[in-house]
2 protein chains.
Amino acid sequence: MLSKKTKYGLKALAYLGYQKDRKPVQISEIAEHENISQKFLESILLSLRKSGFLSSKKGKGGGYYLLKEPNEIYMTDVMRVLEGPIAMVPCVSLNFYESCEDCPDEKSCSVHKLMLQVRDSALEVYRNNTLQDILCDKELKK
Amino acid sequence: MLSKKTKYGLKALAYLGYQKDRKPVQISEIAEHENISQKFLESILLSLRKSGFLSSKKGKGGGYYLLKEPNEIYMTDVMRVLEGPIAMVPCVSLNFYESCEDCPDEKSCSVHKLMLQVRDSALEVYRNNTLQDILCDKELKK
DNA sequence: GAAAACTCTACTAAATAAGTAGGGTATTAA
DNA sequence: TTAATACCCTACTTATTTAGTAGAGTTTTC
């Protein structure tokens, strides 16, 4: 199940992706437009900024803006930051590998076998999607 | 992240899939072999039985056994029982559809767009895997 | 009837999710 | 320099869920 954090993070990224220029957008604007608690969104945006997707400006005229082009922001990276490991079990994780404490042998483990495929299929989707790809063309024209 | 419940459920199904005959296997045997809390496994097996994957026998010589052939047990069905909806958001769920309360329009929603693909890719994996497929050939020969 | 082994219901403790609160800091404009 | 603006940061709260555990009941076999 997708966390609210991830969902809101994606929506905020999309909102910023729709902007015509790089002018900072205030947290409050995004929060209102996307029906998100402002304070919650604040902490989500902060972690996105710390991860290198966004930049921010304090003070008058401040807010958040994309640090990279939408077509350079891969969902693989975004999901790792917002949702954690893409793999459903640590023993098939590429970035956060850990062996199972309770499996005698990974090679013969059925769960491992299935989860490996699930991981690869999810990775495939994320690799093939940048922020640009998930933006709706209709909204882009506005 | 895969829940312990699902992981244990899959392991138990695999254990039963490796059995040569349909003789009931006691909960305690599976629990010991797979390093699972017996009482926890008990409730997991119960829900698998209630969902039609297993059958059970009480009393002497009792236990659990597969109700269908391993190649007739699809991971799609198993995952729905153990993990819940395959879709990561209710608005892209085939079995548990619900619209989002906070999205103005599903058609233009970026999250929806991405999650649709993720759902399909996961579904593809599960559709292509029966219990038989995730069993390890080596163990089958024992 | 007793033993075996599942069935069922309820409870507990820990972890996590989804926020909210409150104060601090940096930037800009006057 | 000061005040306003708007992010930055840390901590806290509440609710929910997970991962069990407890205990009694029921069914089957011998």
Under 3.5 Å, side-chain donor or acceptor atoms of residues 77-91 of chain B against the rest of the protein: list the pairs with distances, not counting sequence neighbours.
from: B:Arg80; atom 1: NH2; to: B:Asn95; atom 2: OD1; distance (Å): 3.3
from: B:Glu83; atom 1: OE1; to: B:Ser3; atom 2: OG; distance (Å): 3.2
from: B:Glu83; atom 1: OE1; to: B:Thr6; atom 2: OG1; distance (Å): 2.2

Under 3.5 Å donor-acceptor, [X] side chain and [Y] backbone:
X	Y	value
A:Lys113	B:Leu135	yes
A:Arg119	A:Val92	yes
B:Tyr65	B:Asp21	no
A:Asn128	A:Val125	no
A:Tyr8	A:Ser37	no

Value in whole Å for how far the [atom2] atom of [N] lies from [atom1] of [X]:
X	N	atom1	atom2	value
A:Lys5	C:dT16	NZ	P	13 Å
A:Lys7	C:dA17	NZ	C1'	15 Å
A:Met1	C:dA18	CE	P	11 Å
A:Asn35	C:dA18	CG	C1'	16 Å

Taking NZ, NE, NH1 and NH2 as the nitrogens, is one of them in A:Arg22 or A:Glu69 under 4.0 Å from a carboxylate oxygen of the other?
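Yes, A:Arg22 and A:Glu69 are salt-bridged.
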At the 4.0 Å heavy-atom cut-off to chain B, mark where contacts on DNA chain D begin and end, going 5' to 3'.
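First and last nucleotides in contact are D:dA19 to D:dT29.
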Indicate for each nucleotide in nucleotides 1-13 of chain C, in 5' to 3' sequence, whether protein heavy atoms under 4.0 Å reach the base (B), only the sugar-phosphate (S), or nothing (-).
---BSBBB-----
Between B:Gln117 and A:Tyr126, is any side-chain donor less than 3.5 angstrom from a side-chain acceptor?
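Their side chains do not contain a donor-acceptor pair, so the 3.5 Å distance test is not met.
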